[in-house]
Amino acid sequence: MAFLLMSVTLLHLITLAMLFIATMEKSWWVWDEVKNSDLWYNCMFDNTTGSWLCASAGENEWLQSIQALMVLSVVFSSISFLVFLVQLFTLSKGGLFYFTGLCQVCAGLTDFAVCLIYTLRHRDILQDSGEEWAGHFGYCFILAWICVPLLLISGVLYVHLRKKE
């Protein structure tokens, strides 16, 4: 039982870190080594200064919904972890971690919605960036997709996990 508890906790921390990286890093769409786009900025690498020049992403309803849902996913997963820690010390023997699991499943579903919307609407989101068809999905987009099943699995595991002393 202790092994399962440690495994679920480690899985939760890994998915939470992956969500933070997917939300904050600048690689959701990549054109080449010198130009990319994320949820917040469109960036271009300047060879003369050796730094990234970033401009705020355009005002787009799809992008705003993706930003809100991705932040909501991180919030759900963070709340889930904090509630798990509280329940770990206050829950009675034999109690189930229902609320923790529910929050984690909600994080997985909101992350799924983000990935689905970005997959289907990335051309609309990137239309102001020019040549949206020439690039490809970046590693943050892939991390977000990987988080979906991991969040759902950990949520289901939390629901079935019983506290033992």
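One is the number of the first residue; the rest follow in order along the sequence. Bear in mind that the values here come from a model prediction, so they are computed numbers and not experimental data.
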At what distance, to the nearest 0.5 angstrom, does [atom1] of [X] lie from [atom2] of [Y]?
| X | Y | atom1 | atom2 | result |
| --- | --- | --- | --- | --- |
| Leu116 | Ile66 | CG | CD1 | 9.5 Å |
| Cys115 | Ile146 | SG | CD1 | 10.0 Å |
| Leu69 | Ile117 | CG | CD1 | 5.5 Å |
| Asn42 | Trp29 | CG | CH2 | 12.5 Å |
| Leu39 | Met24 | CG | CE | 9.5 Å |
| Leu150 | Leu19 | CG | CG | 9.5 Å |

Side chains of [X] and [Y] in contact at under 4.5 Å (non-hydrogen atoms):
| X | Y | result |
| --- | --- | --- |
| Cys103 | Phe99 | yes |
| Leu88 | Leu5 | yes |
| Gln67 | Val71 | no |
| Cys43 | Leu53 | no |
| Leu157 | Phe97 | no |

Donor-acceptor contact present, side-chain [X] to main-chain [Y], <3.5 Å:
| X | Y | value |
| --- | --- | --- |
| Trp62 | Leu120 | no |
| Ser77 | Ser73 | no |
| Trp28 | Ile142 | no |

Could you walk me through whether Phe137 and His122 pass ring pair (Phe, Tyr, Trp, His ring centres under 6.0 Å), step by step? CA-CA 9 Å; Phe137 293 108; His122 68 274; 4.9 Å; yes
Leu10: what forms a side-chain contact (heavy atoms from CB on, under 4.5 Å) with it, not counting sequence neighbours?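 Here the qualifying residues are Ile14.
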Any idea which heavy atoms bring [X] and [Y] closest together, and the distance?
| X | Y | result |
| --- | --- | --- |
| Cys140 | Ala22 | O-CB, 3.5 Å |
| Thr110 | Phe76 | CG2-CE1, 4.1 Å |
| Trp40 | Thr23 | NE1-O, 2.9 Å |
| Gly155 | Val105 | CA-CG2, 3.9 Å |
| Gly101 | Val159 | CA-CG2, 3.9 Å |
| Met70 | Val114 | N-CG2, 3.4 Å |

For Gln104, the option from Leu152, Val8, Thr15 that meets side-chain contact (heavy atoms from CB on, under 4.5 Å):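 Considering Leu152, Val8, Thr15, a side-chain contact (heavy atoms from CB on, under 4.5 Å) with Gln104 is found only for Thr15.
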Taking atom types as modelled, find out whether Ser27 and Asn36 have a side-chain donor-acceptor pair closer than 3.5 angstrom. no
Group every Ile, Leu, Val, Met, Phe, Trp and Tyr by side-chain heavy-atom contacts under 4.5 Å, then state whether [X] and [Y] land in the same group.
| X | Y | answer |
| --- | --- | --- |
| Leu109 | Tyr118 | yes |
| Val75 | Leu16 | yes |
| Leu82 | Met18 | no |
| Leu13 | Ile153 | yes |

What do the steps show when you test Leu63 against Arg121 for side-chain contact (heavy atoms from CB on, under 4.5 Å), and what is the final call? CA-CA 9 Å; Leu63 183 60; Arg121 296 292 179 178; over 6 Å; no
Aromatic ring centroids of Tyr158 and His12 under 6.0 Å?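 That pair passes the under 6.0 Å test.
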Run the side chain to side chain donor-acceptor pair (under 3.5 Å) test against Ser51 and tell me which residues pass, sequence neighbours left out.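 Listed in chain order: Thr49.
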side-chain contact (heavy atoms from CB on, under 4.5 Å) for His160 and Val156? Distances and angles first, verdict last. CA-CA 7 Å; His160 292 293; Val156 169; 3.7 Å; yes
For Tyr139, does the OH atom sit with more than 12 other heavy atoms under 6.0 Å from it, leaving out its own atoms?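 Yes, the 6.0 Å shell around OH holds more than 12 heavy atoms from other groups.
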Is the CZ atom of Phe141 crowded by more than 12 outside heavy atoms at less than 6.0 Å?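 Check passes, neighbour count above 12.
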Would Leu151 and Phe112 count as a side-chain contact (heavy atoms from CB on, under 4.5 Å) if you check the C-alpha gap in whole Å, the side-chain angles of each, and the deciding distance to 0.1 Å? CA-CA 10 Å; Leu151 288 165; Phe112 176 70; over 6 Å; no
Take Ser7 and Phe3 through the test side-chain contact (heavy atoms from CB on, under 4.5 Å) and record every step on the way to the result. CA-CA 6 Å; Ser7 299; Phe3 176 72; 3.6 Å; yes
